[in-house]
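Each chain gets a letter, A, B and so on, in the order its sequence line appears, and its residues count up from 1.
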Amino acid sequence: MALVSKPRVRFAPSPTGYLHVGGARTALFNWLFARHEGGTFILRVEDTDVERNRPELVEGILQGLRWLSVAWDEGPYFQSQRLDRYRNAAEDLLKSGFAFLCFCQAVQYAGADATPEGEEGTEKIARTAPCPCRDLTSAQREQKICEGAPYAIRFAAPREGVTRFEDAVFGQREVQNVEIEDFVLLRSSGLPTYQLGAVVDDVAMGITHVIRGADHLSNTPKQVLLYRALSATPPIFAHVPLILGPDRTRLSKRHGATSVSLYADEGFLPEAFRNFLALLGWSPGGDEEFLPTSELISRFTLSGVSRTNGVFDRAKLEWFNSQYLQKLPIDGLLPYVKTELRRSGLWRAQWDDSEREWFARTVDLLRPRTRLLPDFSHWARAFFSDDFGYDPDARAKFWKDPKVPELLSKLADALDALVEWSHDPCDHALRALAAAEGVKAGLLINATRVAIVGRAVAPPLFETMVVLGKSRVVSRLRRAVPAVAA
RNA sequence: GGCGCUAUGGUGCAAUGGUUAGCACGCGGCCCUUUCAAGGCCGAAAUACGGGUUCGACUCCCGUUAGCGCUACCA
């Protein structure tokens, strides 16, 4: 049995924007495939469009990948630093007769539907017609060059036959060659187009599987033709379906957040985001959904990739986040909470050493009620700071009974007298007071909750008391007495 | 316009000729809980349409429709 070499895959973003969720998922699939197969994941920046290129955006893309822990093994390589290779390849293609010089005026694309609907007949057909420069005599070519006319290099697409390739997701594909236009390889500026750059690099880098968005499916035959012309063997392709917005059109800025960094800023956990993204367009085959990264890696296969475009469902993403917030080992969660509290200015150094246990316990108590990281500094603020206000809705709901101030005051005294500060003594003291005062325990419990954490929503009251500590609970109760009337 | 891809509840997926079409999100209800979540249980909700092939189609074939992609000296 022949030794099969390990797969080499790549993610090739263009620095024309931030890392969007579609790109992130493509990167994730490449990475999962590489990890599953023990292969190599390469990062290559395709920055050959000088007009739209924004070099300063590269770092943001790398940061997005780092946040997702999608780590590359090689690169990042930059196409802008490899221009000679593409030029040489184009020259070779020219010599071997696979390409020709084109002196046509560069047509500037002006948008998807720029062509007026009216007289499409002539104009649109012209788009796929073979370039007339292909049939220029060598004398005519010489003359153009002498005149100093700018030229591009185009691929001479075959005019008959079919081109086939293997797609791990879509199966065997074949396209009639007459449908393939004489596409540009090298622009008159000397810079390569996507088709040339991608193929030359994929060959040079030994890429075995090209995993990319399905928007490239239609152009793949051109690349297959290029591989052949370059005497290289085409890789296995795997086109992954597109991610759509709720209106089923391609996900874009107008659908809201499409940048991965925005989700990081909003307080999503990378583990949750990864899990969610992995299941958008891929399935391990069964019903399991909560799949930590190790599980994702061991189960990932290209045959599990779907062929249908999918809608990005934020509600489901939030559900995944709440799941990870709950199920992550507490030590894995703490660093994220720490970062969040730092961001909001609530962090205290002792929670990292002398009070680490308290911190872990408090976070553990809070986490079933959280959906996003900022919940720790917003609704749970009173657990980390004495500086908190009383939620208007909470006081309206639980402080409306006229007996509340007196009850809170008496509870403060009763709790202050406690020798042991733990769940049951607090529980007994409160219920005893309620009984003595002739009120339902619930009334006191709810009023107390608002007094000590400022909100109607919190973990069970007595567990909350234990975590807050006696002195804080007592002083917050006393502080609340005048506040009830205010 | 041309070429291509796709089509299971509102959403994401499962079921690769034989199931009462399954799971999850979301939605509604109940339980738990004198808060709110989490958790448990129950419920409403789908094979786009029309033809074939077959003893039998979600599944295979054809057509229609719809959506999307490509059709750039963008990627």
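In this structure, CZ of A:Arg44 is placed 12 Å from P of B:A75, rounded to the nearest angstrom. Counting to the nearest Å, the P atom of B:G4 and the CZ atom of A:Phe165 are 13 Å from each other. Atom CZ in A:Arg395 sits roughly 17 Å away from atom C1' in B:U35 (whole-Å rounding). Computed from coordinates, the A:Glu463 CD to B:U35 C1' distance equals 13 Å when rounded to whole Å. Counting to the nearest Å, the P atom of B:U71 and the OH atom of A:Tyr194 are 11 Å from each other. Computed from coordinates, the A:Glu181 CD to B:C3 P distance equals 15 Å when rounded to whole Å. Put simply, NZ on A:Lys327 is 11 Å from C1' on B:A24, counting in whole angstrom units. Between A:Asn275 atom CG and B:A24 atom C1' there is a gap of 11 Å when expressed in whole angstrom units.
For A:Phe155 and A:Tyr227, the ring centers sit 6.0 Å or farther from each other. A:Phe276 and A:Trp319 have their aromatic ring centers separated by at least 6.0 angstrom.
Geometrically, A:Arg82 engages A:Tyr77 in a cation-pi contact, judged by NZ or CZ lying under 6.0 Å from the ring centre and within 45° of the ring axis.
In this structure, A:Arg479 has no salt bridge (Lys or Arg N to Asp or Glu O under 4.0 Å) partners at least two apart in sequence or on a different chain.
Within 3.5 Å, no donor on the side chain of A:Thr193 pairs with an acceptor on the base of B:C73, nor the reverse.
Here the side chain of A:Ala441 is nearest to one of B:U34, B:C25, B:A75, namely B:U34. Among the nucleotides B:G69, B:A38, B:U35, the one closest to the side chain of A:Gln323 is B:A38. Side-chain atoms of A:Ala152 lie closest to B:C73 of the nucleotides B:C70, B:C73, B:U35. Closest to the A:Arg371 side chain, of the nucleotides B:U34, B:G26, B:C73, is B:G26. When distances run from any side-chain atom of A:Trp319 to the nucleotides B:A75, B:C68, B:A24, the shortest one goes to B:A24.
Within the nucleic acid shown, A:Arg367 has no heavy atom closer than 4.0 Å to any nucleic acid atom. At a threshold of 4.0 angstrom between heavy atoms, the contacts of A:Asp49 are confined to the sugar-phosphate backbone, with no base atom among them. Residue A:His216 is in base contact, counting any heavy-atom pair closer than 4.0 Å across all strands shown. Here A:Gln176 lies out of heavy-atom contact (under 4.0 Å) with every strand. At the heavy-atom level, A:Ser322 lies nowhere under 4.0 Å from the strands shown. A:Ala458 comes within contact range of at least one nucleobase, with a heavy-atom separation under 4.0 Å. Using a 4.0 Å heavy-atom cutoff across all strands shown, A:Pro13 reaches no nucleic acid atom at all.
Rounded to the nearest Å, the gap between the P atom of B:U54 and that of B:A15 is 27 Å. When the P atom is used for both B:G9 and B:G22, the distance is 14 Å, rounded to whole Å. Going from the C1' atom of B:A45 to that of B:U11 covers 12 Å, rounded to whole Å. Going from the P atom of B:G39 to that of B:A24 covers 11 Å, rounded to whole Å. Comparing the same atom, P, in B:C70 and in B:U16 gives a spacing of 33 Å after rounding to whole Å. Straight-line distance between the P atoms of B:G2 and B:C49: roughly 26 Å, to the nearest whole Å. The separation of B:C41 from B:U64, taken at their P atoms, amounts to 47 Å, rounded to a whole angstrom. Only the C1' atoms considered, B:C32 is 8 Å distant from B:G40, to the nearest whole Å.
Within the structure, a side-chain polar atom (N or O) of A:Arg154 is placed less than 4.0 Å from OP1 or OP2 of B:C73. Taking side-chain N and O atoms only, A:Thr48 has a distance below 4.0 Å to OP1 or OP2 of B:A75.
Counted by atom type alone, A:Arg299 and A:Ser283 present zero donor-acceptor pairs between their side chains at under 3.5 Å.
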Intra- and inter-strand pairs of RNA chain B in dot-bracket (Watson-Crick or G-U wobble, both distances under 3.5 Å; | for another strand)
(((((((..((((....[...)))).(((((.......)))))....(((((..]....))))))))))))....
Along nucleotides 5-13 of chain B, 5' to 3', which nucleotides get a B, which get an S, and which get a -, given that the test is a protein heavy-atom distance under 4.0 Å?
SSS---BBS
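In this structure, A:Lys410 pairs ionically with A:Glu437, as a charged nitrogen and a carboxylate oxygen lie closer than 4.0 Å. The residues A:Arg154 and A:Glu181 are annotated as not salt-bridged, no charged nitrogen and carboxylate oxygen being separated by less than 4.0 angstrom.
Here the straight-line distance linking atom CG of A:Asn446 with atom CG of A:Leu461 works out to 8.5 Å at 0.5 Å rounding. Taken from OG1 in A:Thr193 to CD in A:Glu46, the straight-line distance is 10.5 Å, to the nearest 0.5 Å. The CZ atom of A:Arg85 sits 13.0 Å away from atom CG of A:Leu196, with the distance rounded to the nearest 0.5 Å.
Ranked by how close their nearest RNA chain B nucleotide is to the 5' end, A:Ala315 and A:Asp215 are led by A:Ala315. Toward the 5' end of RNA chain B, the nearer of the two residues A:Glu174 and A:Gly442, judged by each one's closest nucleotide, is A:Glu174.
When atom types are taken as modelled, the side chain of A:Asp201 and the backbone of A:Ala198 share no donor-acceptor pair closer than 3.5 angstrom.
Partner of A:Val473 under the side chain to side chain contact (heavy atoms under 4.5 Å, CB included) criterion, out of A:Val466, A:Leu411, A:Val453, A:Ile452: A:Ile452 alone.
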